[in-house]
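Comments concern the structure below.
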Amino acid sequence: MWTSSGHCTVTRQLDLHIRCTLRSSEVRYSHAEKALLNNMATENVQSKQARIDRLKAHIPTVPDFPKPGILFWDIMPIMQNPEVFSDSVALLEEHIKESGIKVDVVVGLEARGFLFGPLLALRLNCGFVPVRKAGKLPGETVKCSYTLEYGKDTVEVQKNSIKPNQNVLIVDDLIATGGTMASACQLMESMQANIVECLAVVELDDLKGRDKIKYPVHSLIRC
C-alpha cells in the first residue's frame with residue numbers, strides 16, 4: 001500500500017527521470033541534427049561549385065569579336081544545354097535568397113540580360129523591366145549614355161516602369177568595363193529606385209568594371 005507521501009515521492013522521482021531522459025534525448029537529437037545540417041551545408045557548397053565549374057565550361061571565348069582586340073565571352077552554349085541553363089538561373093536565385101535581399105523588380109540589360117532577368121524575376125515572384133538601347137521603347141523614356149570597351153552607346157528605360165523606392169536588382173550576363181551596369185544604375189537613381197545589387201553571370205576582373213559601380217556587385221564567375 002502506498003502512502004500519500006510515498007506516492008508523491010515516487011511520482012516526483014518518476015517525473016524527474018522522464019524529464020531527464022527527454023532532455024538527454026533532445027540533446028542527442030540536437031547533435032545529430034547539427035551534424036546532418038553541417039553535412040548538408042558541405043554538400044551544398046560542393047554542389048554549387050560543381051555547377052559553377054560546369055557553367056564556366058560552357059562559356060567559350062571568341063577573339064577579335066565584335067572588334068579587333070576584344071575577347072568575347074560567348075554565353076550562347078549555356079542556352080543549348082537545359083541543365084546548365086537551369087543551373088545558371090538557379091545559382092542566381094540561390095544567391096539572392098541566401099543574401100536575404102528583398103527584390104521588387106528585376107531590371108535586365110539589353111540584350112543578354114533579357115535571357116536571365118525574366119526567368120529570375122519569375123523565380124523571385126517579382127516584375128521585370130528591360131533597359132534597352134535608344135529608340136527601342138515606346139512612350140516617354142529616361143536615357144543615359146556610357147562608354148563601352150569598344151565604343152559608346154545610349155540606353156533607356158520607360159519612364160513609369162519603376163516606382164520611387166522600389167528595390168531593384170540589375171542583371172546582365174557579363175560585367176566588363178562596367179559602363180553598361182553603371183549607366184543602368186544612373187537610370188535607376190534618376191527614377192528614385194533603391195538598387196539592392198548588380199548581378200552578373202560572368203565578370204572580367206582585369207577590366208575592373210566593378211570599380212565604376214557604387215553598389216554591391218555579385219558574379220557567379222570571376223575571370
Side-chain angles (χ1 to χ4, degrees), residues 33-34 36-59 73 75 78 83-110 112-131 157 161-205 207-223:
E33 184 179 37
K34 287 180 179 179
L36 178 61
L37 290 173
N38 286 336
N39 288 336
M40 290 175 63
T42 300
E43 290 175 0
N44 182 56
V45 170
Q46 294 173 343
S47 173
K48 179 178 291 188
Q49 188 57 53
R51 286 181 291 161
I52 290 174
D53 290 342
R54 184 169 66 164
L55 182 63
K56 186 175 181 180
H58 283 75
I59 308 177
W73 290 70
I75 65 164
I78 293 176
E83 290 185 3
V84 176
F85 191 17
S86 179
D87 279 347
S88 67
V89 180
L91 286 164
L92 296 173
E93 177 194 12
E94 289 166 16
H95 164 72
I96 295 302
K97 291 185 174 179
E98 289 170 2
S99 302
I101 298 173
K102 181 183 181 299
V103 179
D104 297 316
V105 179
V106 173
V107 173
L109 307 189
E110 187 168 348
R112 290 178 296 276
F114 296 171
L115 300 174
F116 300 96
L119 296 177
L120 181 58
L122 286 175
R123 287 177 178 244
L124 297 177
N125 193 32
C126 64
F128 173 79
V129 171
V131 170
V157 64
S161 59
I162 303 289
K163 297 179 177 62
N165 299 316
Q166 280 191 311
N167 291 335
V168 301
L169 172 69
I170 306 177
V171 177
D172 203 0
D173 69 317
L174 180 140
I175 296 176
T177 62
T180 308
M181 189 68 77
S183 180
C185 289
Q186 291 180 35
L187 284 176
M188 295 302 107
E189 289 172 347
S190 69
M191 302 179 83
Q192 302 178 38
N194 298 320
I195 302 170
V196 294
E197 190 169 67
C198 298
L199 190 59
V201 177
V202 180
E203 181 178 352
L204 307 183
D205 283 342
L207 297 179
K208 303 184 184 301
R210 68 169 54 208
D211 292 348
K212 295 181 181 178
I213 304 166
K214 60 182 180 181
Y215 298 97
V217 176
H218 178 76
S219 305
L220 297 180
I221 300 169
R222 297 184 65 176
C223 304

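Just so you know, these numbers use all the heavy atoms, side chains as well, and skip hydrogens, waters and symmetry mates. Being a predicted model, the structure only gives us computed values, none of them experimental.
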Are any of the side-chain heavy atoms of [X] and [Y] separated by less than 4.5 Å?
X: Val107; Y: Ile162; value: yes
X: Asp53; Y: Lys56; value: no
X: Arg210; Y: Arg222; value: yes
X: Phe116; Y: Ile75; value: yes
X: Asp173; Y: Leu115; value: no
X: Glu93; Y: Leu124; value: yes

Inset, instruction - Apply side-chain hydrogen bond (donor to acceptor under 3.5 Å, both in side chains) to Arg54 and list each qualifying residue two or more places apart in sequence or on a separate chain. - result: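 side-chain hydrogen bond (donor to acceptor under 3.5 Å, both in side chains) check on Arg54 returns Glu83, Asp87.
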Approximate separation, where rounding is to 0.5 Å, of [X] [atom1] and [Y] [atom2]:
X: Glu203; Y: Lys208; atom1: CD; atom2: NZ; answer: 10.5 Å
X: Thr177; Y: Asp211; atom1: OG1; atom2: CG; answer: 11.5 Å
X: Asp104; Y: Lys163; atom1: CG; atom2: NZ; answer: 10.0 Å
X: Phe128; Y: Leu169; atom1: CZ; atom2: CG; answer: 10.5 Å
X: Leu204; Y: Leu174; atom1: CG; atom2: CG; answer: 4.5 Å
X: Ile221; Y: Asp205; atom1: CD1; atom2: CG; answer: 12.0 Å

Please name the pair of heavy atoms, one in [X] and one in [Y], separated by the smallest distance, quoted to 0.1 Å.
X: Ala90; Y: Arg51; value: CB-NH1, 4.2 Å
X: Gly113; Y: Pro118; value: O-CD, 4.0 Å
X: Ser161; Y: Gln166; value: O-OE1, 4.4 Å
X: Leu55; Y: Ile59; value: O-CG1, 3.3 Å
X: Ala121; Y: Gly127; value: CB-O, 3.7 Å
X: Gly108; Y: Phe114; value: O-CE2, 3.3 Å

Legend entry - Candidate pair Leu120 and Leu199, rule side chain to side chain contact (heavy atoms under 4.5 Å, CB included), full reasoning: CA-CA 11 Å; Leu120 181 58; Leu199 190 59; 3.9 Å; yes
Inset, instruction - Please lay out, stage by stage, how Leu119 and Phe85 fare under the test side chain to side chain contact (heavy atoms under 4.5 Å, CB included). - result: CA-CA 11 Å; Leu119 296 177; Phe85 191 17; 3.6 Å; yes
Under 3.5 Å, sequence neighbours excluded: what are the donor-acceptor pairs made by side chains of residues 190-197?
residue, atom, partner, partner atom, Å
Ser190, OG, Leu187, O, 2.6
Asn194, ND2, Asn165, O, 3.0
Asn194, ND2, Asn167, OD1, 3.4
Glu197, OE1, His95, NE2, 2.7
Glu197, OE2, His95, NE2, 3.2

Legend entry - Name of the residue among Val171, Leu92, Leu122 meeting side-chain contact (heavy atoms from CB on, under 4.5 Å) with Val106: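 That would be Val171; it is the only one of Val171, Leu92, Leu122 passing the side-chain contact (heavy atoms from CB on, under 4.5 Å) with Val106.
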